[in-house]
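Worksheet: the structure to be examined is printed underneath.
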Amino acid sequence: MVRGLLARVFAFTLIAMLGTSALSAQEPSVRAYLESAEVEVGDRFRVIVEVTGVREIDDVFIPPLFAVSGLPRDGLLPFSTEITTPEPGQTGGSVIFTFSFVARAAGRGEIGPILVTADGRDLETELLTLLVKDPETVTVEAWIEPAEVRVMERFEVHVHFQGVERLLEGPVLRDISDFARRSGSGRGLGEARLNYVALKPGTHEIGPVSVKVGSGSYESEPLTLVVSDEPPVVEAHAALNTEQAWVGGDFVLVVEVEGVPGVDEEPVLPEMSGFARLIDSGWGRGFGGEYYRSGEYRFRALTAGEHEIGPVRIRAGGQAILTEPLHLAIGEAPLEPPVSAEDLRVTTEADKHRVYVGEPVVISYRTLSRSPRWFGEGSWWWEYDSLALPPQEGLEVHRLGPVYGRFGLDDRVSLDGREYSPGAEHRLAVYPREPGRKKIGPAALKGQVRRRDAADFGLTPVERSARFGGNWTPLTLTTDDVSIEVVPLPEVGRPESFRGHVGSLELVCWVDRTNAAPGDTVTLQVELSGPGHSSVMPDPEIAFPAGFDVSEPETVRFDARDDRTGPRGTRADTYLLVAGREGSFRIPAIEVSWFDPESESYGISRAGPFDLTVTPAAEEQGK
């Protein structure tokens, strides 16, 4: 049986600038050929497109379907499972594009015509014919590892196959959900893996593993799994994020369970009400995947002293387990942070220092922690908590979202001859409301800090998890001041509707109806959008006609996630107008204006007017 073939769409734009002297005398042409034109299912082949006599190539397009006569197109199968990015090559006045595919189904198909757009002209190739055969020989070998497991333990079905480079479908195993649960799979060259969890004791016949290659199906020898009735090996551990907490501060108790996909019931914590109060908790999958569960319990320390935290009672895999007890010291006040001014710093940067009244200044604060070795001994861990700025006279302050960069060896920062690792960038948008010289700051970045030393590398996995995710010693970093010059807005060209907004605004308004009866409600929506925070956008001024009872507007504000230039805000005001009498009425055009600091000119946006008709006839039509 001949199978249909389907090519993935591959379209791209590529500009290839070639020498004009070598090509100007040539007639534009394109040809395509296959390497190889006859392959087996699973083999790789290449479509090569050669373009000559052109200066600029805009697009090369291989049609998405490889037509096969006699078969409906909705029955076509995916033609390739892998496409490599084509790389152009230039030789003898030609540009050559190579597209790599993997044959998926047996049959004879036609490829093309391939379309090329170059120098403003459309060129196309002749049809190519590809023959895909079933492999002559495919052998399948499968085994279970380990072949004997306990209930709730994992096992893998390994499949090796020869005669084809990779499987395009399968492998397929019969339904074994009555005694095992699928937990994942993986593929490689010449092999595949199926991951399961054993659920039921006994000797289970799994049967053969089958793979489908082209039009043929191939099977391994039958498999057998032995699941013992012994309970699974379950381990549970607990640790604290710190050895020293303080009254009013938080500490974290971390509980980890290994060997089973989950706990049978919620763990029972020891009695701690005499010195701590639980304020938050949560469970999730840890780094170990399905057989690793981690729970975090955050407490608020209440009473100073040396305290013993008893074992956590856990029931998992049908077993009752107790963790080891822990010790916690709670002080009256936090310890002094073990960090010097050279080890943890904060930089301050403003996007501009001269602005108009109402023009925002974006100020960025970034922490730099000294780390002689990347996440190694001597590195500093900093956990951000909050950013506070004292009241600023004549300035309106809005918090912007943080900017997270990449964290790697290439992102180190050198400052004063020392090397630092940058943290997240925290930003404020400051709107000056009066002219003059202004000083912004200093700001206070509050967080927690601790130094990673050699002792950390001797911790158990649960202790490392606890130290990584919890709070440490509190620390406040003080930033530098930022000085700006605020100049007044120009008087020339200022519209009457101007209310002080700096930055362009887009105005959109509409009403839900223009004909109404006495007592009906007309809804008017006024929407402003543009760069800047929505809360600094001006209130729309609307002259509502007499004869309507107008409600106070319902205002909705939305600020999109901002980039380094600040947020983009939207303000939507909805008014309800209740018609009180018959007549013809008009809502005059609604107008907002702004000042553009780049062009140093004013702009206006208008919407409307809206004509409304109130008649008894409208009431009758609505019945």
Can you measure from CD (Glu308) to NE2 (His327) and round to the nearest 0.5 angstrom? 5.0 Å

Can a donor-acceptor pair be found between the side chains of Glu191 and His158 at a distance below 3.5 Å? no

Given the rule in the side-chain contact (heavy atoms from CB on, under 4.5 Å) test, do Leu302 and Phe275 qualify, once you have shown the distances and angles that lead to the verdict? CA-CA 5 Å; Leu302 303 176; Phe275 60 90; 5.6 Å; no

Mind checking the CG-CZ spacing from Leu278 to Arg300? Nearest 0.5 Å is all I need. 11.0 Å

Quick one: side-chain hydrogen bond (donor to acceptor under 3.5 Å, both in side chains) partners of Glu230, sequence neighbours excluded? Arg150

Residues Ile330, Thr303; criterion side-chain contact (heavy atoms from CB on, under 4.5 Å); working and verdict: CA-CA 7 Å; Ile330 300 178; Thr303 306; 5.8 Å; no

Pro267 side chain reached by Tyr297 side chain, heavy atoms, under 4.5 Å: yes

Under 3.5 Å, side chain of Thr479 to main-chain N/O of Ala443, donor-acceptor pair present? yes

Closest non-hydrogen atoms of Ala304 and Gly331, given as atom of the first, atom of the second and distance, are CB-C, 4.2 Å

If you define the side chain from C-beta out and look only at heavy atoms, does anything of Val312 sit under 4.5 Å from Leu253? yes

Side chains of His237 and Thr323, heavy atoms from C-beta outward: is any pair under 4.5 Å? no

Residues 309-326 vs salt bridge (Lys or Arg N to Asp or Glu O under 4.0 Å), sequence neighbours excluded, gives none

How about Arg182 and Leu194: do any of their side-chain heavy atoms sit closer than 4.5 Å? yes

Measure the acute angle between the ring planes of Phe155 and Tyr196, then classify it against the limits of 30° and 60° as parallel, tilted or perpendicular. parallel

Which atom of Ile144 lies closest to which atom of Thr224, heavy atoms considered: CD1-O, 3.5 Å

Does Leu130 reach the side chain of Val39, with side-chain heavy atoms less than 4.5 Å apart? yes

Nearest non-hydrogen partners of Thr570 and Ser529, listed with the distance: OG1-CB, 3.7 Å

Going through the checks in order, is the side-chain contact (heavy atoms from CB on, under 4.5 Å) test met by Ser210 and Glu219? CA-CA 4 Å; Ser210 65; Glu219 291 186 346; 3.8 Å; yes

Check whether more than 12 heavy atoms from other residues, nucleotides or ligands sit under 6.0 Å from atom CD of Glu266, and answer yes or no. yes

Considering all heavy atoms of both residues, which atom of Asp178 and which atom of Asp175 are nearest to each other, and what is their separation? OD1-O, 4.5 Å

Could you tell me the separation between the CE atom of Met272 and the CZ atom of Phe251, rounded to the nearest 0.5 Å? 4.0 Å

Taking the side chain as every heavy atom from C-beta outward, state whether Ser217 and Val211 have any atom pair closer than 4.5 Å. no

Could you point out which residue of Glu425, Glu349, Arg427 forms a side chain to side chain donor-acceptor pair (under 3.5 Å) with Ser364? Glu425

Give me the one residue out of Leu240, Leu328, Asp250, Leu269 that meets side-chain contact (heavy atoms from CB on, under 4.5 Å) with Phe299. Leu269

Student check: side-chain heavy atoms of Thr555 and Arg571 closer than 4.5 Å: yes

List the steps, then state whether side-chain contact (heavy atoms from CB on, under 4.5 Å) holds for Phe179 with Ile206. CA-CA 10 Å; Phe179 62 86; Ile206 293 181; 4.1 Å; yes

Out of curiosity, Trp143 CH2 to Ser220 OG, how far, rounded to the nearest 0.5 Å? 10.5 Å

Would you compute the distance between atom CZ of Arg366 and atom CG of Leu445 and round it to the nearest 0.5 angstrom? 12.0 Å

Heavy-atom donor-acceptor pair, Thr476 side chain to Ala444 backbone, under 3.5 Å: no

What is the distance from atom OG1 of Thr348 to atom CG of Leu428, rounded to the nearest 0.5 Å? 10.0 Å

Could you check if a side-chain atom of Val227 sits within less than 4.5 angstrom of a side-chain atom of His204, using non-hydrogen atoms only? yes

Enumerate the residue pairs fulfilling side-chain hydrogen bond (donor to acceptor under 3.5 Å, both in side chains) with a member in residues 267-282, sequence neighbours excluded, ordered by first and then second residue. Glu271-Ser273

Using atom types as modelled and distance alone, determine if a side-chain donor or acceptor of Asp351 lies under 3.5 Å from a backbone N or O of Val362. yes

